[in-house]
Amino acid sequence: VVLDPVDSTSAASMVQLAKQQNVPVVSYDRLILNTPDVNAYVSFDNVKVGTLQGDTLSKKLAADGNANGPIVRINGSPTDNNAKLFGQGAAAAFSQANVQVAKEYDTPDWSPDQAQTEMDQAITALGKTGFKGVYAMNDGTAGGAIAAMQAAGIDPKTIPTTGQDAELEAVQRILSGDQYMTVFKATKPEATAAARIAVALAKGQPIPAGMVTGKTDNGSTQVPSVLLTPIAVTKDGAAGTSSVANAEYGGQKLVGPSGYWTVGQVCTSTFQSACQAAGLG
């Protein structure tokens, strides 16, 4: 079984049921917690994801003359272990850069609508000029935060906002300038790694040699892990990031003929001029 848990803790009961039937379990993308029976974990280095978000936003704030912020933090779901890891990486980056957090929220179920409400509350509390950036933990919460700023009459192009997952609308927002960055996590190499491990375990064989990059503590055991490398993406590749046009990992481009998105999907008529300026289309 390859299992991507919505709730990293309650999924332990599913693993126990599989174990009773001698079925190995690969924890996919999110780590299943508090069970000794997870056979492998395949994901990206999720602390690194948060570090990339925090570092990229910190550098942009400094370049804009707002090195210390303050910022609004829109976190993900408190039941998602990945959100905890993203937060660890981001918090360390902000601490190192001395970026101040004025307001912080956890967003149940990663809901963009809830993120918009949270951003509305932050704007009410801080005022339209009381923050200089937004740490949104994924592209969905970024979209909610950006919608709230637009509704309040704030130009999101003046407030750098993070994200991750390289969702189509987020890539388009980056090209237009409304969102500053995202994190590209190439799904093809992640899925391929999980499939290779699952097939081997189903055959009663060990995890293929050379795949495991380390072990991850899930609260009950050290799980053999394959952690892939996330990539920070901005429009033009500023501050050590990859550009939308050039981002690539494991043979999968962010935008290209066989990429995560095709040029046709990204460069609709609304974004044609922005695409051309970025070297696409």
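Bear in mind the structure is a predicted one, so any value in this text is a computation, not a measurement.
By the 4.5 Å heavy-atom criterion applied to side chains, Gln164 and Lys185 are counted as neighbours. Val233 is listed as a side-chain neighbour of Val244, based on a closest heavy-atom distance under 4.5 Å. Within the 4.5 Å cutoff, side-chain heavy atoms of Val134 are placed close to those of Ile74. By the 4.5 Å heavy-atom criterion applied to side chains, Thr187 and Gln252 are counted as neighbours. Thr161 places none of its side-chain heavy atoms less than 4.5 Å from the side chain of Pro156. The shortest distance between side-chain heavy atoms of Gln114 and Asp109 does not fall below 4.5 Å. Side-chain contact between Leu254 and Tyr249 is absent, with no heavy-atom pair separated by less than 4.5 Å. Annotation: side chain of Asn34 is in contact with side chain of Ser220 (closest heavy-atom distance under 4.5 Å).
Here the side chain of Asp155 pairs a donor or acceptor atom with the backbone of Lys157 at under 3.5 angstrom. Between the side chain of Gln53 and the main chain of Met137, a donor-acceptor pair closer than 3.5 Å is present. Checked by atom type and distance alone, the side chain of Asn218 pairs as donor or acceptor with a backbone atom of Thr221 at under 3.5 Å. Remark: the backbone N or O of Ala166 is paired with a side-chain donor or acceptor of Thr182 at under 3.5 angstrom. In this structure, Asn75 contributes its side chain and Glu104 its backbone to no donor-acceptor pair below 3.5 Å. When atom types are taken as modelled, the side chain of Lys48 and the backbone of Pro230 share no donor-acceptor pair closer than 3.5 angstrom. Not one N or O on the side chain of Thr241 forms a donor-acceptor pair closer than 3.5 Å with the backbone of Ala239. A donor-acceptor contact shorter than 3.5 Å links the side chain of Asn68 to the backbone of Asn98. With hydrogens and angles disregarded, a donor-acceptor distance shorter than 3.5 Å links the side chain of Thr213 to the backbone of Ser225. Remark: side-chain polar atoms of Asp165 are not paired, donor with acceptor, to backbone N or O of Glu167 under 3.5 angstrom.
Within a 6.0 Å sphere centred on NZ of Lys19, heavy atoms belonging to other residues, nucleotides or ligands number 12 at most. More than 12 non-hydrogen atoms from other residues, nucleotides or ligands lie less than 6.0 angstrom from CD of Gln276. The environment of Gln205 atom CD is dense: over 12 non-hydrogen atoms of other residues, nucleotides or ligands sit within 6.0 angstrom. Annotation: Lys103, atom NZ; neighbour count of heavy atoms from other residues, nucleotides and ligands within 6.0 Å does not exceed 12. The number of heavy atoms from other shown groups lying within 6.0 Å of CD (Glu169) does not exceed 12. No more than 12 heavy atoms of other residues, nucleotides or ligands lie within 6.0 Å of NZ in Lys188, so this atom counts as exposed by the packing criterion. Within 6.0 Å of atom CG in Asp4, more than 12 heavy atoms from other residues, nucleotides or ligands are found, so the atom counts as buried in its surroundings.
Shortest non-hydrogen contact noted between Gly130 and Pro70 is O-CG, 3.4 Å. Scanning all heavy atoms of the two residues, the minimum distance from Gly279 to Ala245 falls at O-CB, 4.4 Å. In this structure, Phe94 and Arg73 approach most closely via the heavy-atom pair CE1-CD, 4.5 Å. Contact detail for Leu31 and Asn81: the closest heavy-atom pair is CB-ND2, 3.9 Å. Residues Ser242 and Ile231 come closest through the heavy atom pair OG-CG2, 3.4 Å. Of all non-hydrogen atoms in Pro5 and Ala11, the two that sit nearest each other are CB-CB, 3.6 Å.
With values rounded to the nearest 0.5 angstrom, Leu57 atom CG is found 8.5 Å from Met181 atom CE. In this structure, CG on Leu126 lies 11.0 Å from CD on Gln121, to the nearest 0.5 angstrom. Between the CG atom in Asp80 and the OG1 atom in Thr107 there is a gap of 11.5 Å [rounded to 0.5 Å]. How far NZ of Lys84 is from CG of Leu33: 7.5 Å, rounded to the nearest 0.5 Å. Rounded to the nearest 0.5 Å, atoms CE (Met119) and CD1 (Ile159) are 7.5 Å apart. Separation of atoms CZ (Phe86) and CZ (Phe44) is listed at 10.5 Å; rounding is to 0.5 Å.
Looking at Thr117 and Asp120, their side chains never bring a donor and an acceptor atom within 3.5 Å of each other.
A continuous path of ILVMFWY side-chain contacts below 4.5 Å connects Leu61 to Tyr180, so both sit in one hydrophobic cluster. Under the 4.5 Å side-chain heavy-atom criterion for ILVMFWY residues, a single connected hydrophobic cluster contains both Val266 and Ile174. A single hydrophobic cluster is not seen to contain both Tyr41 and Val2; linkage of ILVMFWY side chains at heavy-atom distances under 4.5 Å, directly or through other members, places them apart. Criterion: ILVMFWY side-chain heavy atoms under 4.5 Å apart, direct or through other members. Under it, Leu280 and Phe271 are not part of a common hydrophobic cluster.
Of the listed residues (Asp139, Thr234, Thr162), just one forms a side-chain hydrogen bond (donor to acceptor under 3.5 Å, both in side chains) with Gln179, and that residue is Asp139. When each of Thr262, Thr268, Val263 is checked for a side-chain contact (heavy atoms from CB on, under 4.5 Å) with Gln265, only Thr262 meets the rule.
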Given Asp55 and Ser58, is the side-chain hydrogen bond (donor to acceptor under 3.5 Å, both in side chains) satisfied, shown in steps?
-> CA-CA 5 Å; Asp55 280 345; Ser58 297; 5.5 Å; no
